[in-house]
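Just so it is clear, the values below take in all heavy atoms, side chains as well, and ignore hydrogens, waters and symmetry mates.
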Amino acid sequence: MNDRIRNEFIEVPMRPGTMFYYVPRTGILRAVSESADVFHGVVLDVGCGFMPYREIVESNPKVTKYVGMDLEGSELYGRVEPDLIWNGTTIPMPDGSVDCIMATEFLEHHSDPAQVLAEFYRVLAPGGSLFATVPFIWNLHEIPHDEYRYTPFSLSRIIGDAGFSAVTVRGLGGWNASMAQMIGLWITFAGMPPLVRTILRITLFPVFAALVRTDRRPESFDDKQNSMFTGLSVTAEKQPVI
């Protein structure tokens, strides 16, 4: 694991300069770690990017092979080459050839989530598992390929409509983490003089840190106390053949 992946995805330090991505990256890492039992057999990482979670997945003794798949020649990931190239529509693998699919921060970028979820279902073996995460509080990014923000209900519905069962959606962070995330995004991307930005980073960092430390993830979702979240994780299954 190179230093960039470790410092930006796996062991993210909490400091003024990391405020805009600390909350989502640590939330995703926690979700990956908590869903360790999902990963088994051949794991296909769709939209793998830097493949930051490869070592975590491969360290699971139930995993026999990890395959990172992404578009060809993506400028976002520099010299990181995926194991498998696809066109963003059709996965170049036979039906039922993988045991688990992971797709972290991917579904919000696909213009036709129903189509790609059907592809996920096709290549999964019966009894196979799906693990995915999506953002909720995040600015426009990877323009123009930023398509959706999902609620727990829309995410559960589209995955269920694709044929998956045992769909479970969880929040990555709650109210306090959401406020911390907005502080980080505002300081990083809002228009302001550089000196003001620097002063705000230093001044608001203790507030950011306190919000992160005191956050409570929603155990369920409603329109009151449990109505805000930073992002979502979801697990689902393809029913085995009986």
Side-chain angles (χ1 to χ4, degrees), residues 1-2 4-5 9 28 31-32 35-135 141-148 150 155 157-167 232-241:
M1 183 183 299
N2 64 43
R4 180 177 182 182
I5 289 176
F9 292 90
I28 295 166
V32 171
S35 299
D37 288 344
V38 168
F39 303 114
H40 64 284
V42 178
V43 178
L44 176 65
D45 187 352
V46 180
C48 63
F50 290 108
M51 294 181 273
Y53 310 111
R54 180 170 197 152
E55 287 191 12
I56 294 175
V57 173
E58 290 182 330
S59 68
N60 187 330
K62 296 188 297 182
V63 172
T64 58
K65 185 177 182 181
Y66 169 98
V67 180
M69 183 179 73
D70 214 325
L71 301 173
E72 184 175 13
S74 175
E75 297 178 357
L76 292 172
Y77 307 113
R79 298 180 180 178
V80 178
E81 292 291 335
D83 302 309
L84 184 66
I85 300 294
W86 75 320
N87 60 8
T89 302
T90 303
I91 298 174
M93 301 182 77
D95 295 359
S97 56
V98 301
D99 301 292
C100 181
I101 288 178
M102 66 181 297
T104 56
E105 311 297 273
F106 167 79
L107 287 172
E108 73 274 14
H109 292 293
H110 203 282
S111 61
D112 191 348
Q115 182 276 324
V116 78
L117 284 167
E119 271 295 280
F120 288 4
Y121 197 85
R122 179 186 68 80
V123 300
L124 270 177
S129 302
L130 169 66
F131 169 83
T133 65
V134 293
H141 60 293
E142 298 187 24
I143 291 174
H145 306 295
D146 192 0
E147 301 281 352
Y148 298 102
Y150 294 96
L155 186 61
R157 184 182 65 254
I158 65 167
I159 291 175
D161 288 348
F164 289 92
S165 61
V167 181
L232 300 168
S233 69
V234 59
T235 57
E237 299 175 359
K238 180 175 180 177
Q239 290 187 341
V241 175

Next item on the list: May I have all residue pairs that pass salt bridge (Lys or Arg N to Asp or Glu O under 4.0 Å) and include part of residues 122-133, sequence neighbours excluded?
Entry: Asp95-Arg122, Glu119-Arg122
Notebook entry, point to check: Tell me, which pairs form a salt bridge (Lys or Arg N to Asp or Glu O under 4.0 Å) where one or both residues lie in residues 124-134, sequence neighbours left out?
Noted result: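 Found none.
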Next item on the list: Take Thr133 and Glu105 through the side chain to side chain donor-acceptor pair (under 3.5 Å) test and state the conclusion after the steps.
Entry: CA-CA 5 Å; Thr133 65; Glu105 311 297 273; 2.7 Å; yes
Margin query: So does Val32 get a backbone contact from the side chain of Ser35, meaning a donor-acceptor N/O pair under 3.5 Å?
Written below: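 No, the answer is negative, given that no donor and acceptor are paired below the 3.5 Å cut-off.
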Item checked: Trace of the side chain to side chain contact (heavy atoms under 4.5 Å, CB included) decision for Glu58 with Lys65 -> CA-CA 7 Å; Glu58 290 182 330; Lys65 185 177 182 181; over 6 Å; no
Without placing hydrogens or testing angles, list every side-chain donor-acceptor pair under 3.5 Å for residues 37-49, not counting sequence neighbours.
unit_1 : atom_1 : unit_2 : atom_2 : d
His40  : ND1    : Val38  : O      : 2.8
His40  : NE2    : Asp99  : O      : 3.4
Asp45  : OD2    : Tyr66  : OH     : 2.6

Notebook entry, point to check: Considering residues at least two apart in sequence or located in another chain, which fulfil the side chain to side chain donor-acceptor pair (under 3.5 Å) criterion with Thr104?
Noted result: none
Notebook entry, point to check: Given the rule in the side chain to side chain contact (heavy atoms under 4.5 Å, CB included) test, do Tyr150 and Leu107 qualify, once you have shown the distances and angles that lead to the verdict?
Noted result: CA-CA 9 Å; Tyr150 294 96; Leu107 287 172; 4.1 Å; yes
Next item on the list: List for me each residue that meets side-chain contact (heavy atoms from CB on, under 4.5 Å) alongside His141, sequence neighbours excluded, and say none if there are none.
Entry: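 Partners of His141 under the side-chain contact (heavy atoms from CB on, under 4.5 Å) test: Glu108, His109, Trp138, Asp146, Arg149.
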Check: Tell me, do Phe120 and Leu130 make a side-chain contact under 4.5 Å, heavy atoms counted?
Finding: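 In short, these two side chains touch, coming nearer than 4.5 Å.
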Check: Quick one: are Val116 and Phe106 in side-chain contact, heavy atoms under 4.5 Å?
Finding: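 Yes, at least one pair of side-chain atoms sits under 4.5 Å.
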Next item on the list: Evaluate the criterion side chain to side chain contact (heavy atoms under 4.5 Å, CB included) for residue pair Tyr53 and Ile28; output intermediate values, then yes/no.
Entry: CA-CA 10 Å; Tyr53 310 111; Ile28 295 166; 3.3 Å; yes
Note to self: Once rounded to the nearest 0.5 Å, what's the spacing between atom CZ of Phe50 and atom CG of Asp70?
What the structure shows: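 Those atoms lie 10.5 Å apart.
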Item checked: Taking every non-hydrogen atom, the tightest pair across Glu147 and Ser111 ->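 Closest heavy-atom pair between Glu147 and Ser111: OE2-CB, 3.6 Å.
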Item checked: Considering all heavy atoms, the nearest Asn2-Ile5 contact -> OD1-N, 2.8 Å
Going by atom type alone, with no hydrogens or angles, which donor-acceptor pairs under 3.5 Å involve a side-chain atom of residues 232-241 and a protein atom two or more places apart or on another chain?
unit_1 : atom_1 : unit_2 : atom_2 : d
Lys238 : NZ     : Tyr121 : O      : 2.8
Lys238 : NZ     : Leu124 : O      : 2.8

Going by atom type alone, with no hydrogens or angles, which donor-acceptor pairs under 3.5 Å involve a side-chain atom of residues 83-94 and a protein atom two or more places apart or on another chain?
unit_1 : atom_1 : unit_2 : atom_2 : d
Asp83  : OD1    : Arg54  : NH1    : 3.4
Asp83  : OD2    : Arg54  : NH1    : 3.1
Asp83  : OD2    : Arg54  : NH2    : 3.4
Asp83  : OD2    : Gly68  : N      : 2.8
Asn87  : OD1    : Thr89  : N      : 2.8
Asn87  : OD1    : Thr90  : N      : 2.8

